[in-house]
Structure formats: structure tokens, C-alpha cells
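Worksheet: the structure to be examined is printed underneath.
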Amino acid sequence: AQGAPLATRRRTRAASWIAMAPGMPNASSGSRKRERRRILSVDGEHLLLNGERHQVISGSICYFRILPDQWQDRLEKLVALGANAVEVYVPWNMHEPRPGEWDFSGPADLAGFIRLAGGLGLN
């Protein structure tokens, strides 16, 4: 991806980072939690999660527009509406304000948001 346009490289980096996020170390303990392996596949017109039909019911939350201490409340409300997934837009310019300079703290704590969502059963 080195020769790819900058936007493509950033999307690739973001997708790789997000794919790793559920198994990332817990900030407080520094240890890795083992995640149950989930396999998503397609059977005709149906999604299968671990071999069983799965309907994705999601809502979108912009974690960077909400104070981190409000994340759990908003995610719990999403679960109460019947959602089993959360859609997340990642504003890469917030996480990499200048090339090679990274920020994943405070309202930019994407891994913390994803861990919290996962703990509530959201995919």
C-alpha cells in the first residue's frame, strides 16, 4: 500500500487498527483478553454468524462528538433500542493531526469506545 494514494493508505491503516481493537490490551491492566472467535459468512441472501442466521441491527454513534463519560449511556440506549451492532465513523484527521503524529486519548480513545461497545454486546 506504500504506493497507494494517501486516502487509501489511511483507510487501510484505520481498517487494520479497528480489526485489532477488540483484542487490544486493556488500558488499566496491560493484559490481553482472549476474544471468542466469531466467523461471519454469507449463505445466499443471509448473513451467518458462527453458522447461524444473523440480522445486523445497528445505529451510528460519533464517539468523538460525545464526552467519553457519556459513551456508556449512549451505547446502553442503543442496546435498549434493540441494536446488536454500532456503526462508527473514524475521523482519521483527529487521530493523525500531522503525518506520523498519533492521538488516541480522551475523546479520541477509539479502542476504549470499541471495548465498551463490545462489553455491552455490540459488534
Side-chain angles (χ1 to χ4, degrees):
Q2 189 65 19
L6 181 60
T8 301
R9 288 196 315 261
R10 285 189 176 167
R11 278 194 299 272
T12 302
R13 261 189 260 146
S16 299
W17 195 85
I18 291 169
M20 297 183 319
M24 290 188 65
N26 182 317
S28 60
S29 68
S31 64
R32 274 190 183 260
K33 291 170 77 175
R34 299 290 294 177
E35 294 293 324
R36 188 180 99 219
R37 185 173 179 163
R38 295 180 284 180
I39 299 172
L40 186 64
S41 57
V42 178
D43 178 24
E45 296 181 5
H46 304 282
L47 286 176
L48 302 176
L49 182 60
N50 296 331
E52 296 188 25
R53 277 193 182 178
H54 180 71
Q55 181 179 10
V56 176
I57 302 169
S58 71
S60 179
I61 295 181
C62 297
Y63 65 95
F64 55 93
R65 293 186 175 152
I66 302 170
L67 295 173
D69 62 341
Q70 297 173 329
W71 289 349
Q72 181 154 351
D73 175 66
R74 299 315 191 272
L75 289 166
E76 287 173 347
K77 288 177 179 174
L78 187 61
V79 170
L81 289 169
N84 59 17
V86 61
E87 177 187 336
V88 179
Y89 172 80
V90 179
W92 205 248
N93 60 331
M94 179 179 190
H95 297 293
E96 188 182 15
R98 285 173 277 303
E101 183 179 314
W102 307 98
D103 181 11
F104 290 96
S105 61
D109 182 10
L110 177 59
F113 180 82
I114 291 172
R115 277 192 298 270
L116 185 58
L120 294 171
L122 295 166
N123 295 303

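Hydrophobic clustering places Val56 together with Val42 (ILVMFWY residues linked when any side-chain heavy atoms are closer than 4.5 Å, directly or through intermediates).
Counting only heavy atoms from C-beta outward, the side chains of Leu48 and His54 never approach each other to under 4.5 Å. The side-chain heavy atoms of Leu110 and Val88, taken from C-beta on, include a pair separated by under 4.5 Å.
Of the inter-residue distances, the one linking Ser60 atom OG with Leu78 atom CG reads 9.0 Å to the nearest 0.5 angstrom. Note that the CD1 atom of Ile66 and the CG atom of Leu75 stand 7.5 Å from one another [nearest 0.5 Å]. Expressed to the nearest 0.5 Å, how far CZ of Phe104 lies from CD of Glu96 amounts to 8.5 Å. The structure places CG of Leu122 at 12.5 Å from CD of Glu87, a figure rounded to the nearest 0.5 Å. Note that CG of Leu47 is 13.5 Å distant from CD of Glu52, once rounded to the nearest 0.5 Å. Going from atom CZ of Arg74 over to atom CD1 of Ile61 covers 8.5 Å, rounded to the nearest 0.5 Å.
By the 6.0 Å contact criterion, CD on Gln70 is enclosed, its count of non-hydrogen atoms from other residues, nucleotides or ligands being greater than 12. With a 6.0 Å radius and a threshold of 12 heavy atoms from other residues, nucleotides or ligands, Gln55 has its CD atom at or below the threshold.
Applying the side-chain hydrogen bond (donor to acceptor under 3.5 Å, both in side chains) rule to Asp103 yields the partners Ser105; only residues at least two apart in sequence or on another chain are considered. Here Phe113 pairs with Tyr63, Trp71 under the ring-ring contact (aromatic ring centres under 6.0 Å, His included) rule; sequence neighbours left out.
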Evaluate the criterion side chain to side chain contact (heavy atoms under 4.5 Å, CB included) for residue pair Asn50 and Arg38; output intermediate values, then yes/no. CA-CA 6 Å; Asn50 296 331; Arg38 295 180 284 180; 4.1 Å; yes

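For Asn84 (side chain) and Asn123 (main-chain N/O), no donor-acceptor pair under 3.5 Å exists by modelled atom type.
The aromatic rings of Trp92 and His95 sit tilted relative to each other, their planes meeting at an angle between 30° and 60°.
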